[in-house]
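The structure appears right after this line, and notes come after that.
Side-chain atoms are counted along with the backbone in the values below, which use heavy atoms only and exclude waters and symmetry mates. Quick caveat, the model's predicted, so the values are computed rather than measured. Just so we're on the same page: letters track the sequence lines, and every chain starts at 1.
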Amino acid sequence: MDINEFITRFNKIKKLGFIKSLRKGPTGVGKTLETYLGIKENNINLPDLEGAELKAHRYNSDNMITLFTFNRGAWIMDPLEAVKRYGTKDINGRLGLYFTMSFTQNSAGLYLYLENDAVSVRHIDGNVLVRWKFSDLQEQFNNKIPALVLVYARSEFRGDDEYFEFYKALLLKGTTKDILKESIKNGVILIDLRLHDKGTMARNHGTGFRVHEKDLPLIFSMSEVIA
DNA sequence: GGTACCTGGAA
DNA sequence: ATTCCAGGTAC
């Protein structure tokens, strides 16, 4: 599906008004939009549209947008061991590493460390948990996000069921080479650890490379409302 | 059965 | 801003 086809289909979805979420939980908005567009769910690290990646976002949500995830070959420490050593307990007692990392250490003693060609997550005890080469990150970004179509949805609950009204789509494009390294250095692209103890293994949702909506213009030079 | 991606959140 | 979190599939 190219951008023009997307616009055609999206305008029809807009006219539907509020539609019931096809999945409970945070991911319902993306699942519902994709299904109505006729896009099959997948886990391929390529854009959903021809030449652009699709993102759905609830209106008034201040959460970061995940540009891509990347873990392949990056973990130096065994992830489950890292969770057990440095994780924090959630409300049910489950250990997890759910941190948006920064260059100053967090409450668990973990911090980002910058090298010439890589960025890593380290602990103050000296251990390196995970390390990504900028060249790998840049490649993943280029493959996944040649451009971005950001779709906004109003959300409301009717009893336990969430409904979405998709009402606007924004096209962002015009990113630049080496954007990954610069953006990680200056904190525009944030590294989000998202894994927990699943008993015999670590359940890893994938380290997210994420950006606040307000910072998107720092990554993409052009934006236009397309629907 | 574990890994690595996908899709996204809350207080 | 920080601490913390969600439901999915291919292989």
Side-chain angles (χ1 to χ4, degrees), chain A residues 21-37 39-49 53-83 86-112 121 130 132 136-137 139-141 143-145 148-157 160-162 164 166 187-188 190-215:
Chain A
S21 178
L22 299 176
R23 175 177 292 161
K24 289 194 182 304
T27 62
V29 64
K31 170 67 176 176
T32 304
L33 176 63
E34 288 190 340
T35 301
Y36 274 83
L37 284 170
I39 295 172
K40 194 174 184 306
E41 187 169 19
N42 69 76
N43 59 356
I44 304 167
N45 60 341
L46 291 172
D48 301 302
L49 306 176
E53 168 65 3
L54 183 64
K55 296 288 174 189
H57 194 65
R58 288 170 178 79
Y59 174 72
N60 265 350
S61 163
D62 287 328
N63 286 302
M64 302 168 285
I65 292 162
T66 303
L67 295 171
F68 58 90
T69 59
F70 192 93
N71 280 292
R72 194 175 302 278
W75 282 85
I76 294 168
M77 184 177 294
D78 175 67
L80 181 56
E81 184 185 344
V83 168
Y86 308 123
T88 55
K89 284 186 179 179
D90 73 6
I91 193 168
N92 297 314
R94 187 188 71 183
L95 280 174
L97 288 172
Y98 285 91
F99 295 123
T100 304
M101 299 301 305
S102 70
F103 291 99
T104 56
Q105 68 172 268
N106 65 14
S107 58
L110 297 169
Y111 61 99
L112 283 182
V121 173
V130 52
W132 297 268
D136 290 336
L137 296 177
E139 182 180 355
Q140 185 82 340
F141 176 79
N143 286 337
K144 177 72 177 174
I145 318 271
L148 194 62
V149 172
L150 185 59
V151 169
Y152 295 84
R154 296 187 184 90
S155 159
E156 68 178 36
F157 276 88
D160 287 337
D161 297 322
E162 190 173 16
F164 301 116
F166 297 101
V188 167
L190 299 161
I191 297 179
D192 210 12
L193 297 181
R194 301 182 295 187
L195 65 160
H196 63 255
D197 185 345
K198 194 86 186 324
T200 60
M201 56 178 277
R203 161 63 152 122
N204 195 344
H205 290 275
T207 303
F209 291 82
R210 310 182 78 188
V211 59
H212 287 288
E213 183 187 340
K214 69 173 177 55
D215 287 338

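In this structure, A:D160 and A:K24 approach most closely via the heavy-atom pair O-NZ, 3.6 Å.
Note: CZ (A:F209) to P (B:dT7) measures 15 Å, nearest angstrom. In this structure, CG of A:L22 is placed 14 Å from C1' of B:dG8, rounded to the nearest angstrom.
Under the salt bridge (Lys or Arg N to Asp or Glu O under 4.0 Å) criterion, no residue pair touches residues 194-204 of chain A, with sequence neighbours excluded.
Side chains of A:W75 and A:N71: a donor-acceptor N/O pair is present below 3.5 angstrom, by distance only. Side chain to side chain, A:Y152 and A:E213 meet the donor-acceptor criterion of an N or O pair below 3.5 Å.
Listed by residue number, there are no residues of residues 55-73 of chain A with a heavy-atom contact under 4.0 Å to DNA chain C. At a non-hydrogen distance threshold of 4.0 Å, A:T100, A:N106, A:S107 from residues 100-112 of chain A come into contact with DNA chain C.
Considering only residues two or more places apart in sequence or on other chains, A:E53 meets the side-chain contact (heavy atoms from CB on, under 4.5 Å) condition with A:P47, A:D48, A:K55, A:K144, A:I145, A:L148. Here A:L112 pairs with A:M101, A:F103, A:V119, A:V121, A:I191 under the side-chain contact (heavy atoms from CB on, under 4.5 Å) rule; sequence neighbours left out.
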One character per nucleotide, please: for nucleotides 6-11 of chain C, 5' to 3', B when the base has a protein heavy atom closer than 4.0 Å, S when only the sugar-phosphate does, - otherwise. BBBBB-
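When heavy atoms are screened at a 4.0 angstrom cut-off, A:E53 is found touching the sugar-phosphate backbone but no base atom.
The phosphate of B:dC6 (OP1 or OP2) has a side-chain N or O of A:K144 nearer than 4.0 angstrom.
The existence of a salt bridge linking A:E162 and A:R23 is excluded, since no basic side-chain nitrogen approaches an acidic carboxylate oxygen closer than 4.0 Å.
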